[in-house]
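Have a look at the structure below before the remarks.
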Amino acid sequence: MENPTAPAPTYPRAQYDRRLPRLLWILAVLCLALVLPYLAEKTQYAITRGQLRARSDEASKELARLGEKAELVKLADTSEAFRLVARRIEPSVVHIDTTQEVQFGRGGSGDEWTQQFPHRQRHFEAQGQGSGVVVDAENGYVLTNFHVIQNASRVQVNLSDGRTIDHEDVEIVGYDMLTDLAVLRLRAGDLTAATWGDSHELEVGDWVLAVGNPYGLDRTVTCGIISATQRRGLGRGGYKNFLQTDAAVNPGNSGGPLLNIRGELVGITTAIIGDAYQGISFAIPSEVAQHIYERLKEEGRVARGWLGVHPQPLTPEVAEEFNLKGKRGAFLAEVLPGSPAEEAGLQKGDLIVEFNGQKVTDNAELPLLVAGSQIGSKVQVKLWRHGQPLDLTVKIAERPDENTPRK
C-alpha cells in the first residue's frame with residue numbers, strides 16, 4: 001500500500017537539459033518554415049524593384065546627358081533611344097485586372113433568360129484588363145482610362161516588380177467620363193513615378209513610344225510617330241482633343257503611357273479605330289491629362305462650364321439658309337430650354353464666332369472653350385444671326401454632372 005506522505009518522485013535535471021534545446025530547435029525550424037517563404041518573396045520583390053529602378057535611373061541620366069536637341073535628333077535614328085526610354089518607364093507601368101458583375105435578363109417570371117434556361121445562373125463575372133502609369137510614387141497615384149475600371153466590382157493592380165495590389169488596397173479616387181480618365185490610389189510603397197512631359201511641344205513626325213499590356217502581354221513597347229495633333233470630334237461630348245499616332249495599340253493598352261524621345265509622359269493611350277490596331281491610335285495629351293489628374297486628385301470630380309447648346313458644322317446648305325455664307329464658327333443647331341444660353345438670348349441658327357475674346361473657328365472648338373470657363377463668370381459672345389453681327393453676355397453655369405465621384 002502506498003504511503004500518502006511519501007515525497008513525489010524527482011527526475012534528474014540533466015533530463016530536462018537534454019529536452020529543452022531539442023524543443024527550442026523544433027520551434028525554430030517551424031518558425032523558419034513559416035517565415036522563410038514570406039521573406040524570400042519580399043526579398044525577390046525588393047531585388048526586382050532595385051534592378052528596375054537602377055536601370056530606370058541610369059537611362060534617365062543617359063537621356064539627360066544626350067539632352068541637346070541636335071544630339072537627340074542623332075540619337076533618334078538609333079535603337080539606343082528606344083532602349084533608354086523603355087528602361088526609364090518600365091518601373092512605372094502597371095497592369096490592371098478588373099472584374100465586372102454581369103446579370104442576364106430583367107428578372108421575374110417573364111424573363112426570357114429564365115424561360116429558356118430555368119436551371120442556369122443569371123449572374124456572371126466578366127474579366128477585363130488595361131494599363132496604367134504611376135504619376136506620384138510617394139502617395140501611390142496611378143492614372144488610367146475611365147473605361148478600364150468602368151462598372152468594375154473589383155480592381156487589381158500588378159506592379160512591374162511582380163507585386164500584386166489586391167482590390168482592398170486599391171482606391172478609385174475619382175474619374176471623368178468626358179475625357180476618359182481615372183485616378184487610382186495604391187496602398188503600396190517603393191513605387192517609381194513617370195516624369196510629365198509637355199504635349200504642346202509635339203509636332204507631326206516626332207517619335208513616340210506606347211507602353212502597355214495588350215492582350216495581357218505585360219509592358220509591351222511599340223513605337224511610331226505623331227500622325228496628327230488636335231484631333232477633335234472623336235469623343236463623347238466634344239471634350240476630347242487627341243494626339244493621333246501610328247504606334248501599335250491593341251486591347252489592353254488602354255490607360256498606358258505615351259512617351260516622347262526623352263522618356264517623358266506626353267499622353268495616355270485611350271482609343272483605336274475598330275477592334276484591333278489598324279495603323280491609327282489615339283492618346284489624351286499630357287496637357288489635358290495632367291490638368292484632369294490634379295482636379296480628380298483634389299476633388300474626385302471635374303466641374304465644367306456649361307452653356308446649354310448643341311453646335312454642329314456649318315455646311316454650305318445651312319450657311320445659305322441662314323444667310324451665313326463666308327463665315328466660320330460654331331453653328332447652334334439647338335438651344336436647350338432653361339439653359340444659360342437661352343437666358344442670354346441665344347437662338348437656334350446663331351453662329352458663334354468669338355467666345356470670351358477667343359476666335360471660334362468650328363463647332364468642335366466651342367465646347368472646349370465653354371468647359372474651361374469659370375463657373376459663374378460672365379462671358380462676352382460675338383455671333384452672327386441671319387447675316388447680322390450681334391454681341392451678347394452669357395453667365396456660365398456648371399455642367400449637369402455626368403460623373404458620380406467615388407471617394
Side-chain angles (χ1 to χ4, degrees), residues 92-102 126-136 140-158 165 167 170-186 194 196 199 210-214 231-243 249-258 265-273 275 281-304 306 367-368 371-372 398-407:
S92 306
V93 182
V94 303
H95 183 162
I96 300 174
D97 289 317
T98 62
T99 301
Q100 297 178 353
E101 295 182 357
V102 180
Q127 306 300 316
Q129 62 181 3
S131 305
V133 57
V134 178
V135 290
D136 184 335
Y141 287 114
V142 169
L143 190 59
T144 186
N145 285 150
F146 165 67
H147 76 259
V148 170
I149 55 96
Q150 185 176 12
N151 299 325
S153 57
R154 295 185 62 84
V155 178
Q156 177 180 287
V157 177
N158 304 305
I165 311 302
H167 176 74
V170 179
E171 176 191 0
I172 299 178
V173 176
Y175 56 82
D176 182 49
M177 295 168 60
L178 296 179
T179 53
D180 194 23
L181 289 170
V183 174
L184 309 179
R185 187 173 187 178
L186 310 183
W196 286 103
S199 57
V211 187
N213 305 291
R231 283 294 191 209
R232 298 171 180 163
L234 300 171
R236 179 183 177 187
Y239 290 91
K240 294 182 183 176
N241 194 9
F242 289 116
L243 297 171
V249 167
N250 284 290
N253 271 108
S254 293
L258 186 75
L265 181 63
V266 292
I268 299 295
T269 302
T270 191
I272 56 177
I273 292 179
D275 296 327
S281 59
F282 299 99
I284 303 164
S286 61
E287 59 184 316
V288 174
Q290 189 171 10
H291 173 68
I292 298 298
Y293 158 69
E294 294 292 344
R295 294 174 73 174
L296 289 175
K297 182 178 67 172
E298 296 299 325
E299 303 173 20
R301 62 188 293 269
V302 178
R304 290 184 173 84
W306 183 58
L368 296 172
E398 181 177 346
R399 179 185 174 88
D401 198 2
E402 298 187 29
N403 303 309
T404 301
R406 300 171 70 165
K407 277 289 202 176

Mind checking whether [X] and [Y] have side chains closer than 4.5 Å, heavy atoms only?
{"X": "Leu181", "Y": "Phe146", "result": "no"}
{"X": "Thr270", "Y": "Phe242", "result": "yes"}
{"X": "Leu186", "Y": "Val142", "result": "yes"}
{"X": "Asn158", "Y": "Val94", "result": "no"}
{"X": "Val133", "Y": "Leu265", "result": "yes"}

Which is it for Arg301 and Glu398 under the salt bridge (charged side-chain N to carboxylate O under 4.0 Å, His left out) test, yes or no, and what are the steps along the way? CA-CA 13 Å; Arg301 62 188 293 269; Glu398 181 177 346; 2.7 Å; yes

Using the rule side-chain hydrogen bond (donor to acceptor under 3.5 Å, both in side chains), only one of Gln127, Arg154, His167 pairs with Thr99; which is it?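 Of the listed residues Gln127, Arg154, His167, the side-chain hydrogen bond (donor to acceptor under 3.5 Å, both in side chains) partner of Thr99 is Gln127.
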
Pair Asn213-Asn253, side-chain donor/acceptor within less than 3.5 Å: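 The answer is no; no qualifying pair exists.
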
Specify the closest pair of heavy atoms between [X] and [Y], including all atoms of both residues, with the distance to one decimal.
{"X": "Gln129", "Y": "His95", "answer": "OE1-NE2, 3.4 Å"}
{"X": "Ser254", "Y": "Thr144", "answer": "O-OG1, 4.3 Å"}
{"X": "Asn145", "Y": "Thr269", "answer": "OD1-O, 2.9 Å"}
{"X": "Gly130", "Y": "Val148", "answer": "CA-CG1, 4.0 Å"}
{"X": "Ser131", "Y": "Gly252", "answer": "OG-O, 2.6 Å"}
{"X": "Thr98", "Y": "Ala152", "answer": "CB-CB, 4.0 Å"}

With Val173, the side chain to side chain contact (heavy atoms under 4.5 Å, CB included) member among Leu296, Leu184, Val183: Val183

Please walk me through it: do Gln156 and Ile165 pass side-chain contact (heavy atoms from CB on, under 4.5 Å)? CA-CA 6 Å; Gln156 177 180 287; Ile165 311 302; over 6 Å; no

Let me check something: any side-chain donor-acceptor pairs from residues 283-290 under 3.5 Å, sequence neighbours excluded? List them with distances.
from   : atom 1 : to     : atom 2 : distance (Å)
Ser286 : OG     : Gly197 : O      : 2.9
Ser286 : OG     : Ser199 : N      : 3.0
Ser286 : OG     : Ser199 : OG     : 3.3

Taking the six-membered ring for Trp, are Tyr293 and Trp196 parallel (under 30°), tilted (30 to 60°) or perpendicular (over 60°)?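 Rings of Tyr293 and Trp196: tilted, 30 to 60°.
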
Kindly indicate, with the supporting measurements, whether the criterion side-chain contact (heavy atoms from CB on, under 4.5 Å) is fulfilled by Arg304 and Asp176. CA-CA 11 Å; Arg304 290 184 173 84; Asp176 182 49; 2.5 Å; yes

